[in-house]
Structure formats: C-alpha cells, structure tokens
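Counting begins at 1 with the first residue of the sequence. FYI, side chains are in, hydrogens and waters are out, and symmetry mates aren't considered; it's all heavy atoms of this structure. These figures come from a predicted structure and were not determined experimentally.
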Amino acid sequence: MSEVKKRVCIIGSGNWGSAIAKIVGSNVAANENLFEPEILMYVYEEIVNGQKLTDIINTEHENVKYLPDIKLPTNVIAIPDVVRACTNADILIFVLPHQFVRDTCLKMRDFIKPNALGVSLIKGFILSETEGIQLVSKVISETLGIETAVLMGANLATEVASEMFCETTIACGNESYKSVLNSLFETPYFRCKIIRNVAGVESCGALKNVVGIGAGIVDGLGYGDNTKAAVIRLGLMEMMKFTKVFLGTDDKSVFFESCGIADLVATCHGGRNRLLGEAVVKSMKKRGMAGVDIRLLEKEILRGQSFQGPLIAKEIYGYLKEINMLDQFPLFVAVHRICTREVDPRNFIDCLRDHPEHM
C-alpha cells in the first residue's frame, strides 16, 4: 500500500465487531503516521432503552447491547449508513453475519476506492447456484473489486475485549499488506500470525461453528470430556476433508494455526454455538422433539444476535444433499438434523460411534 495515511472503517458492530473496534481504534490512534485518526463503524440502528444505539455508542463509548461494560476508543464513531462508513476508506473491516454480505457489498460497490483492502472477520460460507460453496472473502473481492484478507482465530469476543491473551491468524495472498495488517491488529494481548492460505483459514472459521454445536449437544446429553474430545477429533477430520474436497486446499499446516485446532477447542468449550447445542438438547428434554425454536433461543442467549452455526450447517447439508455426499460428512449432517428437530439428540452418540473414521 502507498505511504499516504490510511482511512479505516468497520462494517458491523455486534459482539465481535465491537471487540475488534477496541483493538483497531487503539492501534489507529497509536500509529498516527500510518492511519487517519477517525474510524467510522457501520452500526445497524436499533433503539435501546429509548435511545438510538449509535447515539449511545458515540456518547457513552460503549456498545451496551452487544458488548456491555467494555469502553471503546473515542475515535470509533458509530453511524447507521453503510455507504457513508465506507466512502473514502482504504481498509474495510467486515464483521457482520455472512448472510448479509452480498447485499451489503452491493450497496457499497459504487463508493469503494479501487485500491482499497478488505479484511473479513466473517465466519461462514456463501452458496452460489452456479459455483456452489464460495468463500466470503471471494464474494467481497469480486463484488467490490478489491483484495480481501481474512482474520480467524481462537478469539472469543468477550475475552479479547477484556484483554486476555490470545492468538489469531491473518491470511492474505499479497505479502505487501503484511506490515499494515500487523500494525492494525497486533497488540501485546492479541498476537497475529500472517500466512497466505486464505481458503484454509476461512474454511476453519466457518466449519468450527458446526462442530461447536456438536460439542454442546454432548454437554446437553450429560456426557463428559472424553466424548467431547471425540467430537473435536472427528469434527476436525471432517473440516479437513471438506476444505480439501470443496475448496481445493490440502495444506494441513493451517489446522495447527490459531484459526484451526485452537479455535475449534475454544469454540467447543466456550463459544456461543456450544451454548446453542446444549440449549437445543435441554429444550427437547423438557418439551419433546419440538423443543424451543432457535430464534427464541437466540433472543434468550444472544440479546438478538444470531447463531451462525445452524445456518452454516443448513447450507452445508443442502449442498451435500444436492451432490449426494451426505454420507461423507455424518457429523455435519447430524448436527443439522438435530438443530431442525429431525433427529433425536441421543442418536448423536451413534453418529460418533459409527463414524467412517472408525471403519
């Protein structure tokens, strides 16, 4: 990138978006020779306690709905207009649910600098009728015509915002961006490793959420750490296979980065999708196979944010069914069928016991 100061914007402001805004806001302020001081953060406008969420963020410097009790840097400015947020930006950090990416990018397309850099923190895939499974970063790149890096890792948002030490993985195909990415995201408590395997890193970030639901199902059933370890191992095997078959990367080293096994373990023990898996099982124990609708569980557990795991599992299931490969990924399939109440959660143990990996 050129030596001109870079203007940074953030597209999204949920739990993880607000946590990363704290890091990026502080780093931008500390590197005034590299970055313009003000960061515009696109916030989907909501009314919270009778006030606009953007007004609360800009006066209290806190996202009271999605990341309460954490102060954001004063140079992070919340605005409800995505076009205004992205106009004149040199670096666009995307952190919103994957199902909204394409439409959001289409709104932004005519206002993006041709030499801008995108950075996706979005954990999911986008399905195309003509191309099948697509990486979110690819959709951003193709829609906006810009280079797009990805950031994935064992980064539970509340812990990151509380400055508990963790690692993350950044993948970018163009090594010339390495220095600016490091300056933007690296802190003493948030250590970044930059590699080139975008497809591998991004795939890990999406698929681990499905496995995390499986770990929660095990918790809901009352099984112990040995069973959860089996879910993690078998889930990892399916992640590796899926990445090779559908995304064309057989680089196993990526699974030993923070975006791989580390993020998988963190998700299976402390992530929101683990909470969902457990809640689904417990609700079915109380109310029978109908259980509680996932949208109601989202309201109870996530304050209105969405669980990405069930949607990713649904999309993967639909794609595998279309190409007649359901039997190749039994753990992914079982998670989807349990989330949709098609299968009794107790059958999940049969899925583990009879997994092809044991044959």
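- Of all non-hydrogen atoms in Phe94 and Cys105, the two that sit nearest each other are CE2-SG, 4.0 Å.
- Put simply, CG on Asn31 and NZ on Lys6 are 11.5 Å apart, with the number rounded to the nearest 0.5 Å.
- Applying side chain to side chain contact (heavy atoms under 4.5 Å, CB included) to Val95 and the options Asn15, Val119, Ile10 leaves one that passes, Ile10.
- In summary, the side chains of Thr148 and Ser137 do not present any donor paired with an acceptor at a separation below 3.5 Å, with no hydrogens or angles considered.
- Of all non-hydrogen atoms in Ser18 and Leu72, the two that sit nearest each other are O-CD2, 3.4 Å.
- Tyr44 OH: 12 or fewer foreign heavy atoms inside a 6.0 Å radius.
- The distance from atom CD of Glu36 to atom CZ of Arg7, rounded to the nearest 0.5 Å, is 4.5 Å.
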Starting from the C-alpha separation in whole Å, work towards a yes-or-no answer on side-chain contact (heavy atoms from CB on, under 4.5 Å) for Thr169 and Asp263.
-> CA-CA 10 Å; Thr169 310; Asp263 195 9; over 6 Å; no

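- Summarising the geometry, atom CG belonging to Leu96 is positioned 14.5 Å from atom CH2 belonging to Trp16; distances are rounded to the nearest 0.5 Å.
- Aromatic ring orientation, Phe329 versus Phe242: perpendicular (interplanar angle above 60°, classes split at 30° and 60°).
- Atom OG1 of Thr227 and atom CD1 of Ile217 lie 13.0 Å apart (nearest 0.5 Å).
- Shortest non-hydrogen contact noted between Phe125 and His98 is O-CD2, 2.8 Å.
- In this structure, the separation between CZ on Arg84 and CG on Leu40 is 6.0 Å, given to the nearest 0.5 Å.
- Residues Asn63 and Ser13 bring no donor and acceptor atom of their side chains to less than 3.5 Å of each other.
- Nearest heavy-atom pair across Cys268 and Ile232 is SG-CG1, 3.8 Å.
- Salt bridge status for Arg233 with Glu357: present, with a side-chain N to carboxylate O gap under 4.0 Å.
- In summary, Arg353 and Asp350 engage in a salt bridge, as defined by a charged side-chain N under 4.0 Å from a carboxylate O.
- Other residues, nucleotides and ligands contribute at most 12 non-hydrogen atoms within 6.0 Å of the NZ atom of Lys282.
- When all heavy atoms of Pro310 and Ile213 are compared, the closest pair comes out as N-CD1, 3.6 Å.
- Distance OG1/Thr74 to NE2/His61: 5.5 Å, rounded to 0.5 Å.
- Crowding of Asn324 atom CG: a count of heavy atoms from other residues, nucleotides or ligands under 6.0 Å not exceeding 12.
- Between Ser176 and Asn174 the shortest heavy-atom distance is OG-OD1, 2.7 Å.
- Between the side chains of Thr168 and Asn155, at least one donor-acceptor pair of N or O atoms lies under 3.5 Å.
- Atom NZ of Lys71 sits in a crowded spot, with more than 12 heavy atoms from other residues, nucleotides or ligands closer than 6.0 Å.
- Counting non-hydrogen atoms of other residues, nucleotides and ligands closer than 6.0 Å to NZ of Lys107 gives a total of 12 or fewer.
- At a cut-off of 3.5 Å, with distance as the only test, no side-chain donor of Thr249 or Asp251 sits close to an acceptor on the other residue.
- Transitive grouping of hydrophobic side chains (ILVMFWY, heavy atoms separated by less than 4.5 Å) keeps Ile338 and Leu311 in distinct clusters.
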Should Glu186 and Arg191 be marked as a salt bridge (charged side-chain N to carboxylate O under 4.0 Å, His left out) after you check the CA-CA gap, both sets of side-chain angles, and the distance that decides it?
-> CA-CA 6 Å; Glu186 175 93 347; Arg191 305 301 287 182; 3.1 Å; yes

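- Legend: residues meeting ring-ring contact (aromatic ring centres under 6.0 Å, His included) with Tyr223, ordered by chain and number and at least two apart, are absent.
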